[in-house]
There are 2 protein chains.
Amino acid sequence: MTTTSNILQGRHELYREETVQKVLVAAEQLGYRPNLLARGLAKQTTHTVGLVLEPHHSRITRNDYALPILEGATEFLTQQDYDIKIITLVNEHPKYLWCRIESAAIDGALLLAPVMESPLLEWNQHLSIPVVSVGSTLPPDYGIPYVDIDNERAMRMLVEWILAQGHRQIGFVKGHPLHWSAYQRERTFRQVLAEHNIHPREEWVVQGNYTAESGRRAAQQILACNKLPTVVICANDGSAVGFIQQLTELRIRVPEDISVAGFDDEPLLHPIAPNLTTVRHDKVQVGYLASQMLFQQIVNETNSVASTLIEGSLVVRSSVANLRGGQRRPNYSQLKEVQR
Amino acid sequence: MTTTSNILQGRHELYREETVQKVLVAAEQLGYRPNLLARGLAKQTTHTVGLVLEPHHSRITRNDYALPILEGATEFLTQQDYDIKIITLVNEHPKYLWCRIESAAIDGALLLAPVMESPLLEWNQHLSIPVVSVGSTLPPDYGIPYVDIDNERAMRMLVEWILAQGHRQIGFVKGHPLHWSAYQRERTFRQVLAEHNIHPREEWVVQGNYTAESGRRAAQQILACNKLPTVVICANDGSAVGFIQQLTELRIRVPEDISVAGFDDEPLLHPIAPNLTTVRHDKVQVGYLASQMLFQQIVNETNSVASTLIEGSLVVRSSVANLRGGQRRPNYSQLKEVQR
DNA sequence: GTGAAAGCGCTAACAC
DNA sequence: GTGTTAGCGCTTTCAC
């Protein structure tokens with residue numbers, strides 16, 4: 001049995017060609033297919049990783065993050081002969097949470113953008129299989145490595161570019177309050193402005209939650225101010241699109257009347273807002289790298305915590321006006337006029 | 001051990017309350033969690049089903065079908081304590097195909113819209129675990145049950161409604177040539193027209209492949225005809241959106257100059273083409289029912305082949321003009337004029 | 001109501 | 001190089 005087992009596992013070099021062939025042919029004829037469960041039991045491994053979705057991501061369809069991540073992860077893991085299991089959490093008691101995950105029989109897990117108060121962050125206190133956070137940059141004390149876009153660097157790039165276009169009156173639509181990314185994006189926004197001695201009017205910094213609907217509301221809120229910013233940065237493309245749609249319905253032009261920038265360069269939204277200036281965020285690559293990192297941990301049996309940030313890049317289209325080019329931005333009364 | 005095993009599996013009625021509690025408490029204290037692999041080995045079951053994606057659906061992101069299906073399937077299977085494994089096929093030789101699937105260690109599988117020449121259709125000749133085709137109505141000789149929208153009924157409804165609006169010059173943009181749904185939709189289109197003694201001009205029936213890009217090309221092709229249809233039915237919303245965008249760029253108005261209808265009522269496209277008249281297609285429900293059907297087969301160990309068709313419903317918005325209302329449609333020369 | 005023991009299909013020491 | 005054997009952690013038949 002040793003012989004058969006070894007050969008079937010690909011350790012051909014231990015035997016002479018003749019034996020190898022004999023086994024292989026026999027296996028072929030009998031239509032033999034290894035039982036992965038049995039192998040897993042014996043080797044204590046399942047060749048499967050989990051992609052954990054929190055209740056918060058409830059309807060996966062609406063989550064434009066899950067798919068590219070899944071795609072990238074699939075791409076890498078398929079090469080390694082690993083499968084992916086979708087683990088959808090449904091508000092289980094913390095008590096059952098770890099059971100649920102453990103009974104999925106996985107070798108490791110990808111956490112899809114865990115939110116700030118997610119119980120999943122205590123992973124290492126309950127489970128011993130490796131885990132990687134994908135899409136949330138986590139404080140180091142959780143001991144969970146992550147792969148994410150470098151939100152701070154990317155936002156800095158965007159804000160500095162916008163400043164270079166001559167804008168000084170800058171608004172901001174925040175992201176979802178529970179997301180680390182939202183926090184980082186807003187913080188960097190403020191920081192860069194501060195470095196340029198600009199203090200944003202707080203009425204121009206409004207809450208959003210990454211949805212188009214929240215972008216619309218944000219637009220209404222900002223338009224209600226006495227003075228308007230020349231540009232508004234939205235924490236993601238989704239809210240930027242809502243923002244722009246609201247503006248458009250009020251016949252306010254982008255970027256002639258007001259400039260808008262997004263973040264993420266969401267491909268699905270290209271047809272809706274083809275001229276949106278934003279920051280490219282390669283989610284497929286995030287998924288790829290995260291699964292690669294997870295795989296390393298699984299095979300090395302090391303829990304080395306070396307996170308990876310990937311760089312975003314500025315995508316300049318035409319939704320942000322260049323105020324330097326001698327273009328005049330309309331004054332407030334004109335704007336109010338046009339809203340009628 | 002019998003006692004423990006039985007109680008842990010929920011067969012409490014065999015024992016007196018006292019024993020049950022003793023076991024449960026002990027398990028709790030020891031932090032016992034069953035090893036699903038071992039249980040699987042013993043019971044010959046894995047509590048996992050596969051969602052099989054063909055190479056054809058290569059980039060899952062682009063596939064607006066996979067997610068709602070996954071969502072529906074997750075919803076049902078989570079209740080049943082089943083997990084879902086994503087099985088992405090990558091052009092393996094047919095020889096390895098079945099190994100690949102078998103080694104995924106699943107109790108059954110959902111086939112995501114298998115295409116016409118898919119090797120997966122020979123499933124029953126190679127594998128003995130149950131399978132359900134989701135999103136492709138298959139000829140009965142394959143012996144694979146399916147859950148799908150009733151393409152024929154839905155298309156009939158749409159075409160008849162369009163006829164009722166007074167349209168007689170009707171064009172059609174076909175779907176992807178390898179998809180059963182495309183075949184059904186086109187056939188029904190022709191059939192309903194025939195029943196009304198209308199014979200569509202063949203130059204108005206053009207090939208598409210469900211993408212927006214193919215819709216644009218279709219628009220160009222139809223606009224190149226000497227005579228134009230008053231309405232064009234696109235085999236899905238994706239191509240309808242491309243069709244409309246191409247028209248819009250040429251300053252042809254929908255529906256004033258030409259009417260356009262879609263199919264599927266794809267939520268992602270609502271913001272892009274909010275006025276598209278189409279047919280509602282509840283993919284989440286398809287996924288739910290398909291997994292339910294698969295589950296039945298798994299637990300009953302019956303391979304009963306009873307497919308399910310779910311009904312679509314007409315979504316009337318404003319992209320199709322009512323020719324009865326005394327509205328005049330522009331003549332050809334006006335249309336050509338406007339394209340300049 | 002409970003324990004002993006065989007076995008699910010495979011891997012990996014270990015001896016030969 | 002090759003066969004024997006003892007598990008992996010659970011279920012289940014069969015005695016008691």
Side-chain angles (χ1 to χ4, degrees), chain A residues 1-48 80-83 85 98-108 127-129 298-299 301, chain B residues 1-48 81-83 85 98-108 126-129 298-299 301:
Chain A
M1 279 300 89
T2 319
T3 314
T4 320
S5 180
N6 273 332
I7 290 181
L8 256 21
Q9 280 180 80
R11 291 193 264 271
H12 293 184
E13 66 287 2
L14 298 176
Y15 303 94
R16 50 171 125 70
E17 184 59 18
E18 184 193 328
T19 326
V20 173
Q21 283 312 319
K22 209 167 57 186
V23 173
L24 258 28
V25 168
E28 174 78 49
Q29 283 188 337
L30 271 52
Y32 171 82
R33 313 230 181 91
N35 177 325
L36 271 267
L37 280 161
R39 176 178 293 178
L41 224 210
K43 294 182 91 148
Q44 302 293 15
T45 178
T46 62
H47 265 230
T48 302
Q80 313 299 329
D81 242 336
Y82 267 69
D83 281 324
K85 229 175 200 183
W98 308 111
C99 278
R100 166 87 177 87
I101 293 172
E102 190 144 281
S103 54
I106 52 176
D107 290 345
L127 301 173
S128 60
I129 56 173
I298 291 173
V299 297
E301 288 176 3
Chain B
M1 278 301 90
T2 318
T3 314
T4 321
S5 181
N6 273 333
I7 292 182
L8 256 22
Q9 280 178 79
R11 292 193 264 272
H12 293 184
E13 66 287 359
L14 297 177
Y15 304 93
R16 51 173 123 72
E17 184 57 20
E18 181 195 334
T19 327
V20 173
Q21 284 311 318
K22 209 169 58 188
V23 172
L24 257 28
V25 169
E28 175 76 52
Q29 283 188 340
L30 270 53
Y32 171 83
R33 312 230 182 93
N35 177 325
L36 271 267
L37 279 163
R39 176 177 294 178
L41 224 208
K43 295 183 88 146
Q44 302 293 14
T45 180
T46 62
H47 263 230
T48 301
D81 242 335
Y82 267 69
D83 281 325
K85 229 176 199 181
W98 308 111
C99 280
R100 167 85 178 86
I101 293 172
E102 191 143 282
S103 54
I106 51 176
D107 290 345
H126 300 266
L127 265 22
S128 59
I129 55 174
I298 292 173
V299 296
E301 289 177 1

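Scope of the values below: all heavy atoms of this structure, side chains included, with no hydrogens, waters or symmetry mates. Every chain is numbered from 1 and lettered A, B, ... according to where its sequence line falls, protein lines coming before strand lines.
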Check your understanding: Reckon A:Arg11 has a side-chain N or O less than 4.0 Å from the OP1 or OP2 of C:dA12?
Key -> yes
Practice item. Could you tell me whether the phosphate oxygens of C:dG9, OP1 or OP2, come under 4.0 Å of any side-chain nitrogen or oxygen in B:Gln44? Key: yes
Practice item. Please report, rounded to the nearest Å, how far the C1' atom of D:dG3 is from the CG atom of A:Asn6. Key: 12 Å
Review point. Tell me: CD1 of B:Ile7 to P of C:dG3, nearest whole Å?
Key: 11 Å
Practice item. Quick one: do A:Tyr15 and A:Val23 satisfy side chain to side chain contact (heavy atoms under 4.5 Å, CB included)? Show the steps, please. Key: CA-CA 11 Å; A:Tyr15 303 94; A:Val23 173; over 6 Å; no
Review point. Touch check for A:Leu37, heavy atoms < 4.0 angstrom, all strands: base, sugar-phosphate only, or nothing?
Key: nothing
**Study point:** A:Ala42 vs B:Leu41, nearer the 5' end of DNA chain C by closest nucleotide
**Key:** B:Leu41
Revision key, fill the gap. From the candidates D:dC10, D:dT2, D:dT12, the one with an atom nearest any side-chain atom of A:Arg16 is D:dT2
Point to revise | Integer-rounded Å distance: C:dC8 P and A:Leu36 CG | key: 18 Å
Review point. Just how far, in rounded Å, is P of D:dG1 from CD of A:Glu17?
Key: 11 Å
Review point. Looking at A:Tyr15, does any N or O in its side chain come under 4.0 Å of the phosphate oxygens OP1/OP2 on D:dG3?
Key: no
Point to revise | Euclidean distance, atom NE2 of residue B:His47 to atom P of D:dC10 [Å, nearest integer] | key: 15 Å
Exercise for review: Taking the side chain as every heavy atom from C-beta outward, state whether B:Lys22 and B:Ile7 have any atom pair closer than 4.5 Å.
Suggested key: no
Exercise for review: State, without any angle test, whether B:Asp83 and B:Thr48 hold a side-chain donor-acceptor pair at a distance under 3.5 Å.
Suggested key: no
Exercise for review: To the nearest Å, give me how far apart NZ (B:Lys43) and C1' (C:dG9) are.
Suggested key: 18 Å
**Study point:** Presence of B:Arg39 side-chain N/O under 4.0 Å of C:dC8 phosphate oxygens OP1/OP2
**Key:** no
Exercise for review: Ignoring backbone atoms, test whether B:Thr19 places a side-chain nitrogen or oxygen under 4.0 Å from the OP1 or OP2 oxygen of C:dT2.
Suggested key: yes
**Study point:** Rounded distance [0.5 Å steps], CD1 in A:Ile298 versus OG1 in A:Thr46
**Key:** 7.5 Å
**Study point:** Length of the CG-C1' vector between B:Leu8 and D:dG9, whole Å
**Key:** 12 Å
Review point. If only side-chain N and O atoms of A:Ser5 are considered, is one of them under 4.0 Å from the OP1 or OP2 phosphate oxygen of C:dT11?
Key: yes
Practice item. Could you go through the side chain to side chain contact (heavy atoms under 4.5 Å, CB included) check for B:Leu37 and A:Arg39 one step at a time? Key: CA-CA 10 Å; B:Leu37 279 163; A:Arg39 176 178 293 178; over 6 Å; no
Point to revise | Whole-Å distance separating the CD atom of A:Glu13 from the P atom of D:dG1 | key: 11 Å
